[in-house]
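Since we're looking at a predicted model, the values are computed, not measured. Only heavy atoms go into these numbers, but all of them, side chains included; no hydrogens, no water, no symmetry mates.
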Amino acid sequence: AVERRSTIIDVTRKDGRTGPLVFVKVLHELRCNGAADAALVEFHDIVYRGARQPGDVEPPPVRAAEGAPWQREIVPDDVLLFRYSALTFNGHRIHYDRKYVTEVEGYPGLIVHGPLIATLLMDLLRRNMPEADVASFRFKAVRPTFDLHPFRVSGQRDGNTIKLWAQDHEDWLTMDAIATLKG
């Protein structure tokens with residue numbers, strides 16, 4: 001049995017170049033079989049911003065690094081996204097309701113979950129270094145990934161640091177991550 005306890009640690013409002021922003025820090029603790037100590041601790045930093053307005057300018061995309069020794073192509077589909085939504089209790093329709101996401105939210109397709117991409121990045125590390133003992137993992141979504149095309153997860157080792165990233169079908173960086181190994 002696994003218990004997840006989530007606690008809002010901090011809420012901060014700031015003004016950014018795109019308007020007001022609200023930063024929410026949430027602590028997630030997962031415990032197995034009633035254990036007193038958490039088996040996994042996650043700090044989740046969430047940024048909320050207002051809806052885009054006509055005339056808003058998006059920052060230019062960044063090209064993903066080339067030539068990574070570790071690469072894997074992922075073909076997202078609505079079944080994968082629906083199942084991940086169910087697994088994580090994520091009821092947001094942008095991940096599984098194509099009509100809603102395209103007609104109401106105005107996106108071109110279903111949005112691949114950021115945590116799913118992060119999970120796939122960690123899976124890439126495990127596939128290439130099955131004995132790795134990971135001390136920490138940080139990731140940042142920088143651009144949405146849609147289910148309309150395959151995307152790629154990539155990585156490379158640099159000592160005790162593993163650089164990981166995801167890119168869309170046009171080679172734009174969509175997620176940037178760092179895993180640090182123990183020792």
Side-chain angles (χ1 to χ4, degrees), residues 1-16 18-51 72 74 76-98 100-101 104-105 107 110-147 151 153 155 157 160-166 173-183:
V2 176
E3 174 190 347
R4 175 178 165 175
R5 181 173 298 153
S6 299
T7 307
I8 296 174
I9 302 297
D10 187 47
V11 177
T12 305
R13 184 194 183 282
K14 295 182 180 180
D15 289 314
T18 60
L21 303 169
V22 176
F23 295 81
V24 179
K25 181 171 273 206
V26 182
L27 169 66
H28 302 289
E29 297 174 295
L30 282 85
R31 291 179 171 74
C32 297
N33 301 317
D37 293 331
L40 180 70
V41 176
E42 174 188 10
F43 288 96
H44 188 177
D45 294 309
I46 309 165
V47 180
Y48 294 98
R49 65 180 191 170
R72 181 174 175 218
I74 308 296
D77 61 32
D78 52 352
V79 174
L80 171 67
L81 300 183
F82 176 80
R83 287 180 174 166
Y84 194 81
S85 290
L87 177 68
T88 58
F89 300 99
N90 183 339
H92 202 312
R93 293 167 61 184
I94 62 173
H95 302 298
Y96 61 85
D97 185 338
R98 190 170 309 280
Y100 171 80
V101 77
V104 175
E105 295 284 347
Y107 290 108
L110 297 174
I111 299 174
V112 179
H113 311 70
L116 172 57
I117 298 170
T119 300
L120 292 166
L121 290 171
M122 280 299 294
D123 177 66
L124 182 71
L125 188 156
R126 290 285 180 218
R127 287 171 183 258
N128 288 277
M129 296 182 65
E131 303 303 318
D133 193 0
V134 177
S136 68
F137 177 66
R138 295 176 176 267
F139 67 91
K140 180 180 180 181
V142 295
R143 183 177 170 88
T145 301
F146 301 101
D147 74 328
F151 65 93
V153 292
R157 182 177 184 173
N160 277 352
T161 301
I162 311 296
K163 172 128 176 70
L164 300 156
W165 64 93
L173 181 69
T174 59
M175 182 171 284
D176 205 9
I178 295 285
T180 303
L181 304 179
K182 290 182 181 175

> R93 side chain to V101 main-chain N or O, any donor-acceptor pair under 3.5 Å?
Replying inline: no

> Residues in ring pair (Phe, Tyr, Trp, His ring centres under 6.0 Å) with F23, at least two apart?
Replying inline: none

>> Is it the case that the side chain of D147 and the backbone of L110 share a donor-acceptor pair, with hydrogens and angles ignored and the cut-off at 3.5 Å?
In response: yes

> Checking N128 side chain against L124 main chain: does a donor-acceptor pair fall under 3.5 Å?
Replying inline: yes

> For D37, does the CG atom sit with more than 12 other heavy atoms under 6.0 Å from it, leaving out its own atoms?
Replying inline: no

> What do the steps show when you test Y100 against I94 for side chain to side chain contact (heavy atoms under 4.5 Å, CB included), and what is the final call?
Replying inline: CA-CA 7 Å; Y100 171 80; I94 62 173; 4.1 Å; yes

> Under 6.0 Å from the CZ atom of F82, do we count more than 12 heavy atoms belonging to anything else shown?
Replying inline: no

>> Could you measure the distance from the CD1 atom of I117 to the CE atom of M175? Nearest 0.5 Å is fine.
In response: 5.0 Å

> Which distance, rounded to the nearest 0.5 Å, do you find between the CD1 of I178 and the CZ of F137?
Replying inline: 9.5 Å

> Heavy-atom count around Y107 OH within 6.0 Å, excluding the residue itself: above 12?
Replying inline: no

>> Could you check whether any side-chain heavy atom of V104 comes within less than 4.5 Å of a side-chain heavy atom of D97, counting everything from C-beta outward?
In response: no

>> Quick check: closest heavy atoms across A177 and F139, and the distance to 0.1 Å?
In response: CB-CB, 3.8 Å

> Hey, what do you get for CG (L27) to NE2 (H44), rounding to the nearest 0.5 Å?
Replying inline: 12.0 Å

>> Looking at K182 and D133, is any side-chain nitrogen of the basic one under 4.0 Å from a carboxylate oxygen of the acidic one?
In response: yes

>> Tell me the closest heavy-atom pair linking A179 and L164, and the distance in Å.
In response: CB-CD1, 4.3 Å

> What's the verdict on side chain to side chain contact (heavy atoms under 4.5 Å, CB included) for D123 and V153, showing C-alpha distance, side-chain angles and the deciding distance?
Replying inline: CA-CA 10 Å; D123 177 66; V153 292; over 6 Å; no

> Can you tell if the side chain of V112 reaches within under 4.5 Å of the side chain of F151, non-hydrogen atoms only?
Replying inline: yes

> Is the backbone of D176 close enough, under 3.5 Å, to the side chain of R138 for a donor and an acceptor to pair up by distance?
Replying inline: no

> For atom CD1 of I46, is the number of surrounding heavy atoms from other residues, nucleotides or ligands below 6.0 Å larger than 12?
Replying inline: yes

> When I162 is tested against each of T180, L125, V134 for side-chain contact (heavy atoms from CB on, under 4.5 Å), which residue passes?
Replying inline: L125

>> Testing the basics here: between Y96 and S85, what is the closest heavy-atom pair and its distance to 0.1 Å?
In response: CD2-OG, 4.0 Å

>> How long is the straight-line distance from CZ of R126 back to CG of L121, given to the nearest 0.5 Å?
In response: 13.5 Å

>> In the structure I gave you, are the side-chain heavy atoms of R72 and L120 within less than 4.5 Å of one another anywhere?
In response: yes

> Could you give the distance from CD (E29) to CZ (F43), rounded to the nearest 0.5 Å?
Replying inline: 8.0 Å

> Can you list the residues that meet the side chain to side chain donor-acceptor pair (under 3.5 Å) rule with R4, with sequence neighbours excluded?
Replying inline: S6, H28

> Where do R83 and L87 land on the side chain to side chain contact (heavy atoms under 4.5 Å, CB included) test, with the steps shown first?
Replying inline: CA-CA 6 Å; R83 287 180 174 166; L87 177 68; over 6 Å; no

> By ring pair (Phe, Tyr, Trp, His ring centres under 6.0 Å), which residues pair with H95, not counting sequence neighbours?
Replying inline: H113

> Are the side chain of N33 and the backbone of A1 linked by a donor-acceptor contact shorter than 3.5 Å?
Replying inline: yes

>> In the structure I gave you, are the side-chain heavy atoms of M129 and L181 within less than 4.5 Å of one another anywhere?
In response: yes

>> With rounding to the nearest 0.5 angstrom, report the CG to CG distance, D15 to L21.
In response: 7.5 Å

